[in-house]
Structures are given as C-alpha cells and as structure tokens.
Amino acid sequence: MDEEQVVKFVETYLKKKGFKQAELAFHDEVQHNSNANSVDIHSDPDLSLLLLSLSQSEDTPARYHEEYRKLRSWTHSSLDLYKPELLRVLYPVFVHCYMDLVAKGHIQEARTFFNSFREDHETVHSRDLQKLEGVLSPSHLEEMEFAHTLRQSKVNLKICQYSNELMMQYLRNTKSTMMLGIVNEHINFQVSPGQPSSISDDAEVVTLIGNSQDAANQINKKEIHWGLLEDSLEERLEKAGGLLSDSEKTEGDAKEGDLDETKKRSVEGGKQGASVKKLKKDKAASATAKVVRPETNTSSIAPRVKSELPLPVIPTEVEQSILEDLRNRVQLSSAALPSVSFYTFINTHNGLNCSSISQDGSLVAGGFSDSSLKVWDMAKLGQQSGNSVLQGENDTAPSEHVLGPNGVKRSYTLFQGHLGPVYSATFSPLGDFILSSSADTTIRLWSTKLNANIVCYKGHNYPVWDVQFSPLGHYFASASHDRTARIWSMDRIHPLRIMAGHLSDVDCVQWHANCNYIATGSSDKTVRLWDVQSGECVRIFIGHRSMILSLAMSPDGRYMASADEDGTIMMWDLSSGRCVSPLMGHNSCVWTLAFSCEGSLLASGSADCTVKIWDVTTSTKVTRTEEIKTGSANRLRSLKTLPTKSTPVYSLRFSRRNLLFAAGVLSKCK
Amino acid sequence: MSIVPKEAIEVTSIVPKEAIEVIAQSIGITNLSPEVALALAPDVEYRVREIMQEAIKCMRHSRRTTLTAEDVDSALSLRNVDPVYGFASGDPLRFKRAAGHKDLYYIDDKDVEFKDVIEAPLPKAPLDTSVKVHWLAIEGVQPAIPENAPVEALAASSDGKKSEYKEDGLPVDVKLPVKHVLSKELQLYFDKITELTIKKSGSILFKQALVSLATDSGLHPLLPYFTYLIADEVARNLNNFSVLFALMRVAQSLLQNPHIHVEPYLHQLMPSIVTCLVAKRLGNRFSDNHWELRNFTANLVASICKRFGHVYHNLQPRVTRTLLHAFLDPTKSLPQHYGAVQGLAALGPNVVRLLILPNLEPYLLLLEPEMLLEKQKNEIKRLEAWRVYGALMHAAGLCVYDRLKMLPGMLTPPIRTVLKSNGRVMTKMPNKRKASTDNLMQQPPLKKLATDGAMGVMPMNSMQVDMQGATGGYPKAVGASSMSIPLTSRQLPNENMPGRDGGQVLKASTVLAQAWKEDIDAGRLLASLYELFGESMFAFIPKPELSFFL
C-alpha cells in the first residue's frame, strides 16, 4: 500500500464523515509534507485494514450482521478449553455492533440484528438487553445513561494469551474488519500468560459498567477502618466479664478503659506480632496476601477505631438495659438456630410498602401507599378491647386518631403527614423515634412517645426510597431516586453530606457498625461504600446482575451482605472489596437481610415466601483459606429454609438477645 | 400479571407509524405527514420503555412483584407527566385477548347502568389492617400450627411459581387450599399399599408392606392420604372383617414409624380406630373373629394414649369417656361392651380400678341372665355374654394383680371365704376361664332379660361416674383427688366406714364402689371380686401372695 493510497483513504474517510475542516487541513498537510515520511502504516496491517474498511463505501449494516454471525459460529466451534473466554468477548461485541448500527441510523437493521442474536445473552444480561432494546435513535444513545457510559468506556476482559491470539488471527484471516474495529475500540484485553481462566470469576465481566474496572480498583485501594468503635458497650461488657453491672462506669472510667485497651493490645501484640496493626489498617492492595494468614478468634482481636463523628450519649438506664440484654443474649451458631417471631399484616389491600420492627420487637411500623404510617404496639395487641386504647387519647396532635370511621377502636397509631406513598420506615435504636421516607421527597421524624410528627426533612428532589438510622441513633442516611444518598442529623433540617456517584437510583442504604461508613445499593447493580466524614466513595462492589434491594452489615464490621432482585445474595469482604461468596437459593426478590448479633448467622427474607438462615462463620472461614488455593468461591451454607404461609417477608430484625423478628403481608396466591 | 408490561413491550417492539397516525387522528390532527409519524414512532417506543423502567422501580419499592396501574402513575409523575386516569383499582388489571388476534389485549370495560349504581346497596366496609403474631420457628424448628405452612406444602412452595402470580382481591382472608405435590414414587407406593390393604391383606407381601410402613423414613407426605384412607375405608367396610383388620394393622405400623409425625392427624385417625373397637358389627360372617380385632384395637388405642397422652391432655379422657359410655349403656350390644371393657382394660389397671370395678356388680347383675342357658336361648348371644364376662374378669383380675404387686402388705389376713376354697384354685389355675365357664354353664338358664328395660336397674354409683365423665374430668385424669370428694360424700351414708372394725368382711358392692380410692385394701378388693367371679380370680394372684392365703 503506498502513500498515495493512504492519503486517498484518509480523504474519503474524512469526506464521508463530513469533517470538512479536517479534510482541508489534511489536504494542506499532505501538500506540505509530500516528501516527508508519514506514519509507518505498512507495518501495521491492522490499521491498514481498518482504514480500508472505513474507506469502503458499501459500509452496509449487513456486514455487521454477517461478520458477527461468523464470529459467533467460529467461537461456538472453537476449542473447548478456550471457548468460555472467547464467548465472553461476544457480548460486548454484540452490544457495540447494535449501538453502532443505531448510531449510524440503521434503525431497522439494528432491530433485526438485535433480535436475531439476543437469545445468546438473554440468560446473563437480560436486563441490559431490555434497556438497550429501547434505544431507537442516535439521540437516545446520548440520552440514555447506560448506553452513553458504554460508548464512552472500554470493557476490560481477562483473556489468556492463546485465546487472544486465536481471536486476532481469526479476525484478520477472515477480514472481519467491523468486528476487529469494535474489538480494538471497545475492548481492553488483559492478556495473561498461561491457562485460560475458569468461568467462576466472570462476575467482573458481567457488568459493563461505566466505571472501568481500573477506576473501581483504584477506589477499592483506599484505606478503610472497618473495626468496631472504641469503648462500645459490647467491649465494656467483655471487660466487665459480664458479672458486674456497668452502670457505675461513667465518663471518668473511659480513660481507664483506654488504658486497659492498650494493655490488652500490647499483650496480644506480643503474641500475634504486627497482626493487630495490620488488621487495623487494612489495605486492599495487601489484602490478598493477608488472606492466607490464618484468622484466629476474630471477635476478640477485632480492631477498634475512633469515631469520626461526635456521637450521642446514651442515657445510663438505657445503657443498663442494653447490657442486660447483651448478657442474656442467646449464642447462635449453625447448631443453635434462632427462634423466629413472625408479624403478619392482614387486610392491607395491597397497600403496604414497607415495614420495620423496633430493636426489642415491641413496635412494628408499616408504611402504606395511601401516605399513612401505622405503628402497632405489640404489648397492647393482646388486650385491645379494654383500657388499652392508646394513652394519647387526650393528645391533641392531629396525627392521632384513636377512633376509626365507625367509632371502632383501632389497634394501631396512625401517623399522617406524608403526601405520597411511604417507601421506608426505621426505628431509632431506642425505639422512641421513627423516620419515614416517602414519594413526596421528604423524610419525616415521628415521636412514638408523643405520637406526633416532629420534623420534616427536605432536601431530596425525587422520591426517597430508603432511610436508615445509624446504629447509635441521631444520624440517619437516606437514599433516593435522585441518585444520591444523604447523611442527616436529627437536629438539622438540611443534609450534612451528599453522596453522589451512582449511575442510577440509590435503592437502599445501610450503616456500618462503627458509624463511619454507609453502604448504598443501586439500580446500576453496584454497591458502594462511602466515608461519612469525607463523603468519598471508598469501595465499589461489582458483581450483582440486577437491582440491589437490601444490604446488611456484619456486627464485627468486616463483612457486608447485599441482595438483589433475582434472589442472589452476595457476601463481601469490606477490606478487599471482593465477593466472599454468592448465596444462591431464593428465586425471587430478597427484600431484607439481617445478621445475628454475634455475626454467625445471616437471615434473608424474600418474596418467595421464605426466610432462609445462612451460616456465616464456616463459609467465610472456608473461603478465606481456600480462596487462593482453589480460586473458586464456595457457596455459603444454607442452614434452614422457613417457609411462611404465602407471606412474602418484608423485614427482618435480630433483637439484642438474638431473637429474630420477621414481618410480612399475607397475600393470596394462585 | 407481572408479565403484562413485558408483553406490552414485545407487542409494540416496533411502534408502527400507523399507530402514530391513528393517535394523531384521535386527537384531531388530520394532516400529519408520514415523515413526522415515522420519526415519532421510535421515540414513542423509547418513552414508553422509560416509563416502564421507572414503574418497575416503583413496584419494587412497594415490595411487590406485580405491576399495577398505580406504579405506572407514580412513574409518570416522576417524569412530570400527568397520570393516566381511569385505571385506578386495587386489583391488577385483567386483560382479555381480542378474538382473532394473537397479541392483542384489551381491558374489559362494561357499560354500567347509572340507576343500578345508585340503587346498589353500599358495599361492605373493608376490614381494617391489623397485625397477627405467631412463631415461625422455635430454635430453628417450625411448630405445626395453622399459621405456618404445612410441612408437605414445602415442596409446593419451593417450586417458586407461587410467588410470581399474586393478587389481592377480596379484603377478607380466605383459607387457602394447599397445593400438595407428591412424587411419582410416593404415589405408586401409596397405590400399592392401598391395593394390598384392601385386596390382599392375607399375603406375605402385605406383611412386608407393614414392615415398610413402620420403618421407612420418607413416608410423611403420604400420612394425610393414609389417614383419609383409613377413615374412609373403615366407614365403608364395616362388614368386611379382613379389610378392617388390615386397616388397623396399617394404622399400627404408621404409629410405629419413628419418622412420621402422626400427632397432627391423630384427631382424624382416632374415630376410625375407636370404631373398630366398639362398633356394633365388625364383619358379616359368623366365622369372623371380631373379638381378636377388638383386642388388637384395644392395644392400639392404649399405645396411642401412652405415646401421645402427654402431648394431648384430653386424649385419654376423651377415649375413656367414649369407652365408658359404651360400657355403661345397656342399649349397646354385648360385643360393644366387650370392646369397651377391653379398651379400658388395655389402658391399665388404674383405669379398671377407677372405672370398671365400681360398676362391676350392677353390670354383672345385668349380664348374668344373658349367660344362662334357660334365660338366653340364642346361643350366639349367650356366647357373647360369656366373652364379656371373661373380659371383665380378666380386667378385674389384672387390676387386683397390680394392686397386690404394688402393695403386698395391704392384704388383710382374715378372709375366710377365700381360705376355704384354696385347694381347688391351685388345680384350676391353667384353664381359669374355661373352668369357671363350664361350672356356670351347668346352671339352669334363666329367662332373657330385656336389655331395653335395664336402664332403671342401673345402680346409683355407676350413674354418678357417668355424669362425672360427662362433665369432662375423669378421676384418672385428675389423679383421683379433687373430683372424688363429692362422690365420696354421697356414697358414705350407705356404706360402713372402711375402717378396721374387727376383721369384718365388707359387702362386696361397697368395697367395689370404693374401688376408685387410692388406699383401698387389696385383700378386701380380692374378696369381693371373689364373690363375683368365684375362685377363677385367684389365677391373677401372683404366687407369693397366693401362698400367703394358703
């Protein structure tokens, strides 16, 4: 191919693309440097082919179809060993072929192309396909976030050297220039020497997300202090040996406590070397190396961190009752399963959107689509008829209606104030406040003592999907359709922090046990961890295949569980940002997750009308030691499935004494 | 119904420009150029998809798996579009397929007469929302309470189809029919067992089937079917002795199986079993040995009471009440009495002492004429009477035996009547019942006593027990303490104090009437029983004690 030809190609290309200015400039350039050596095109057959293809005038959509079809059949008939890797390439190629066709305005052809090959990817990527299906004009490509990010970013694919060679060879030999172009433009092969990787770790490939893997990795390298809070009640109980009442321990004692703590550490330090320090400041970069280190009793050496927020002071008498609870806690394990008390809502007329249970299970709240929030006091439930009818009878608060329309006494307290469906409710740790979030973009604070609305927090611009109190109260986090999560404190009507970064709705939010972080789950299929103090995203967890519906943090602060629309639950190691193991078993939306108080069990409640209990301790340990050896994530062990009588489970809550409360709506099914 | 939106998407996967033109015409734009329609069509489709995407989000946050019109309205309001009016309803919309079109659906919208609407009575106010509490699990185990899904339904619920299609129509909760899925193997097994039980109960195969029923671990799902089978077949086959016996054997095997939790079905099983104990006729042929069936069933009942008595507190009281009613009702036939006596006897000597002995003497008064050749001409009837007599004797004897075993020191030595006949007893030992039967057979038959007239003959104390039984508390159940007080006070006037006033032998009737008392003297009891049954009673006395009399 000589120079003139190249110049001609470039000219036709520019003309075709309508780059008049560039064409002129190019022309000038050619005139000027006619003798100068141009780029060494000859040595790069790829480039020349690409140029060739671009210059071809019969750049018809049929070629996309034809070449993709050929590539597909070639992949399917390739060597078994390399097939999984090669198959993975097909999906991004398919998506970009489609978008190319749309971008060039061949809507009809794009449609036929899409429909003829969509089945291949239906199982894994059905939701993405549904979204893409709607893209019907170049302007939609720009408008639609998902498509836009796909066009902007490159997909990272791990592939072994030989597969890569095979693929390139094939593309060159068959002169599939369209495909070659797409592969070069949109796929970033991370070629690794040696054997092809197995299918198991393709979780990273599943989501073609805007953030390239690199960026996510970069974020996941940030430092994170996942340890529990210093001087927490549990710690004090440990120190007291569970014998003495800790009520005398006042502020003055805190210093002594610190001393104890440092002593304890130095003793342990002697035994364990630098492990404590290492544990405390966990860096993702070294996480893989550290995993090998055998993990001994994690609970006792769980590192302590200082709170970055000024935390509320717990009243002494409450503290005492909490300590009492902690002392009487039932030890749960795979052999000792919890008792489950189930609250069934009946006659909701399809109106219940959410439910919440207070820490001690005595109060149950339901948020309804008719904008109301109803709270049942379980202690009063048994003796409805008599004098029990709500002490607030003389209360003049407008939200308090003791009598129903027919003068029939109601069994619940009705909170009215929202202007749209109530999507979430949460009890403060002491049970004296309820927060509710609604489609009217507000969050309202209610007092269960006064039975009245106290504060209305405005700040979100769209429906607020979720709101959660921090483990120690006072602060709360909200998640909204406006793609942000926000941190609030009860005494301010404006948010303290706004966490922005998700590419779609933030659907759920959860606090870390030490109150320094919040986790958010989103419709963009990622979970993110945010630093409350700085408002920065410190972790991105990629792996879910559909919208995240619920999150739970382990009480030791080390793990997080997230569940999605398909019924998959994933357990994540916060420090490394890796998925410890996926939990398969539910076959419909998992609405709620809860860790038992000592962290050995995980309970999940689903729309498939079951509560499942999973074993956390053994599965995490097994994977920690075997993760590197086998390279495959073991599945968490499902200990027990508790079916309900056609009642989807809306919320779960472990009390401090490890009694599990569950709530759901009785619904009829066929 | 959740698939409706998806289907809608499929259908309109390409919104044809004709559709745009039709819509344009419907809102009064007649001169729409084809290019405009062509350009609008894809955009309309995109917007519809966008709305659906948001609507699905709203659905998820309402914790539902069914898309409703409300969700679409919320999605529209998210995009600042007016909601679509006219579809607001609590129920999911019902689409009908248009005739002749594969993919065309519409919502049925009936014309409603204005007058009808006005004149219709007000609908019932929907029930108010409430919360019910129950234990879903206790330490990981689900209690078998009505609020929990039945164990068998587990298989049905796990196939997952259930959760997909949900609708909430009526405001009241309706009891749900539980869908029950049985594996093919279990169905075959059940059919085979049924066949063997009904048709080939004599075969070796049936014996093996019984063993399998008593030991196999996977049979629990079949339990409701077996329960139903037993109840159904017992009711139908009261004339078929072999089937009844086979069914009872099946029941026994099921009860023996350690892997089956019979408790929830016990209330369905018990009536059939008790039927086989105290039914008027079991089998239609003379050769049918229904006595054996009654004996077998009596033991079965006793084992059930023993095993589940502590779970169901009222199980044994109810059984004993039923049996006592059968025993004390003179209108019942003798085989029924026999079954009742055997059933009570199987429940243990205490039950016999508390319930049979006090009624023994008056009952024997009634029975005696039936046993005599001159009074009862019907040989079968006479034989039956002797059977009952034997059963009573057996029961009483076992009771005495038990007392003697327990309290050997309680014997009172001076029982002259007993001592007299000692020598004979030793020889009669091996063939106790026959011997006495033979003796009595020689006596001249008395005239048959009409059983229907016997009601008035029933003595006081039996009626008392009967009444007491009817009020629900048996002396057995309450430990023969609290309930016995009124009874004692009533009986005291017509009997001597059971004290030790000089070795006086109390009248048999009074001793027996006091038999329910805890501290009754075994020797005196024996003496009175001897008066009734003769020396055959000594067959039941253990040897060491017997030697005491000698």
Side-chain angles (χ1 to χ4, degrees), chain A residues 107 111 131 134-137 140 336-350 353-354 364 369 374 376 378 381 404 406 410-411 421 423 439 462-463 465 481 505 523 547 549 565 587-589 591 607-611 640 642-646 648 650 662 666-670, chain B residues 6 9 13-14 42-43 45-46 48-50 53-54 57-58 60-65 68 70 74 77-78 90-91 125-142 147-150 153-154 157-158 160-174 176:
Chain A
I107 307 300
R111 175 71 65 180
K131 276 189 201 165
V135 178
L136 289 167
S137 77
H140 292 160
L337 295 179
S339 297
V340 190
S341 179
F342 203 98
Y343 299 129
T344 313
F345 289 85
I346 54 172
N347 304 321
T348 57
H349 316 293
N350 246 342
N353 287 349
C354 64
V364 180
S369 55
K374 296 171 184 174
W376 281 263
M378 285 302 140
L381 205 65
N406 306 331
R410 282 190 180 135
S411 59
Y423 285 121
Y462 279 101
W465 296 133
H481 178 72
D505 302 36
S523 290
M547 170 181 176
L549 290 172
E565 240 180 333
N587 45 30
S588 189
C589 305
W591 298 129
D608 64 11
C609 301
T610 57
V611 175
K640 188 87 186 172
L642 303 168
T644 64
K645 213 170 183 179
S646 62
Y650 281 15
L666 182 70
S667 59
K668 269 169 269 133
C669 19
K670 275 181 190 171
Chain B
K6 278 184 211 159
I9 288 168
S13 70
I14 298 167
D43 199 55
E45 190 186 334
Y46 179 80
V48 169
R49 282 169 187 279
E50 194 182 2
Q53 179 189 310
E54 300 306 317
K57 278 180 195 164
C58 290
R60 290 294 181 220
H61 285 286
S62 301
R63 302 278 196 277
R64 270 185 279 111
T65 46
T68 63
E70 212 177 18
S74 320
S77 72
L78 276 181
D91 307 328
L127 293 176
D128 205 357
T129 311
S130 60
V131 177
K132 295 268 178 285
V133 194
H134 74 272
W135 287 105
L136 181 67
I138 294 168
E139 288 176 359
V141 181
Q142 286 196 282
E147 287 89 345
N148 280 336
L154 223 159
S157 67
S158 60
K161 280 174 194 158
K162 227 167 123 186
S163 54
E164 281 303 314
Y165 306 100
K166 245 174 255 134
E167 47 186 353
D168 206 359
L170 296 164
V172 274
D173 347 317
V174 177
L176 301 161

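This one's a predicted model, so the numbers in the text were calculated from it and none came from an experiment.
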* To do: Indicate yes or no: at least one non-hydrogen side-chain atom of Met547(A) is less than 4.5 angstrom from one of His61(B).
  =>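 Yes, their side chains come closer than 4.5 Å.
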Minimum heavy-atom distance [X]-[Y], with the two atoms named:
X	Y	answer
Trp465(A)	Cys58(B)	CH2-SG, 4.0 Å
Met378(A)	Val131(B)	CE-CG1, 3.5 Å
Leu78(B)	Tyr462(A)	O-CE2, 3.4 Å
Gly140(B)	Leu337(A)	CA-CB, 3.5 Å

* **Separation of Gln53(B) CD from Asp505(A) CG (nearest 0.5 Å)** =>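 Between Asp505(A) CG and Gln53(B) CD, I get 8.0 Å after rounding to 0.5 Å.
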* **chain B contacts, top residue of Val135(A), Ile107(A), Val611(A), Val340(A) (heavy-atom pairs, under 4.5 Å)** =>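 Heavy-atom pair counts peak at Val340(A).
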* Just give me the residue among His481(A), Lys374(A), Lys131(A) that pairs up with chain B most often, heavy atom to heavy atom, under 4.5 Å. =>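 Top count of heavy-atom pairs under 4.5 Å with chain B: His481(A).
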* Check side-chain hydrogen bond (donor to acceptor under 3.5 Å, both in side chains) between Ser523(A) and all other residues, then give those that pass, not counting sequence neighbours. =>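 For Ser523(A), the residues satisfying side-chain hydrogen bond (donor to acceptor under 3.5 Å, both in side chains) (neighbours in sequence not counted) are Asp507(A).
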Under a 4.5 Å heavy-atom cut-off, does chain B meet the side chain of [X], its backbone, both or neither?
X	answer
Pro421(A)	neither
Tyr343(A)	both
Leu642(A)	both

* To do: Go through Arg64(B), Arg60(B), Glu50(B) and name the one with the most non-hydrogen pairs under 4.5 angstrom from chain A.
  =>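 Max contact count across the listed options: Arg60(B).
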* Asked: Any sub-3.5 Å donor-acceptor pair from His349(A)'s side-chain atoms to Leu127(B)'s backbone N or O?
  ->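 Judged by distance alone, yes, a pair lies under 3.5 Å.
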* Asked: Under 3.5 Å, side chain of Ser341(A) to main-chain N/O of Trp135(B), donor-acceptor pair present?
  ->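 Checked: no pair found.
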* Set of salt bridge (Lys or Arg N to Asp or Glu O under 4.0 Å) partners for Arg63(B), sequence neighbours left out ->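 Here no residue qualifies.
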* Asked: Can you check side-chain contact (heavy atoms from CB on, under 4.5 Å) on Glu45(B) and His140(A), steps first, answer last?
  -> CA-CA 11 Å; Glu45(B) 190 186 334; His140(A) 292 160; over 6 Å; no
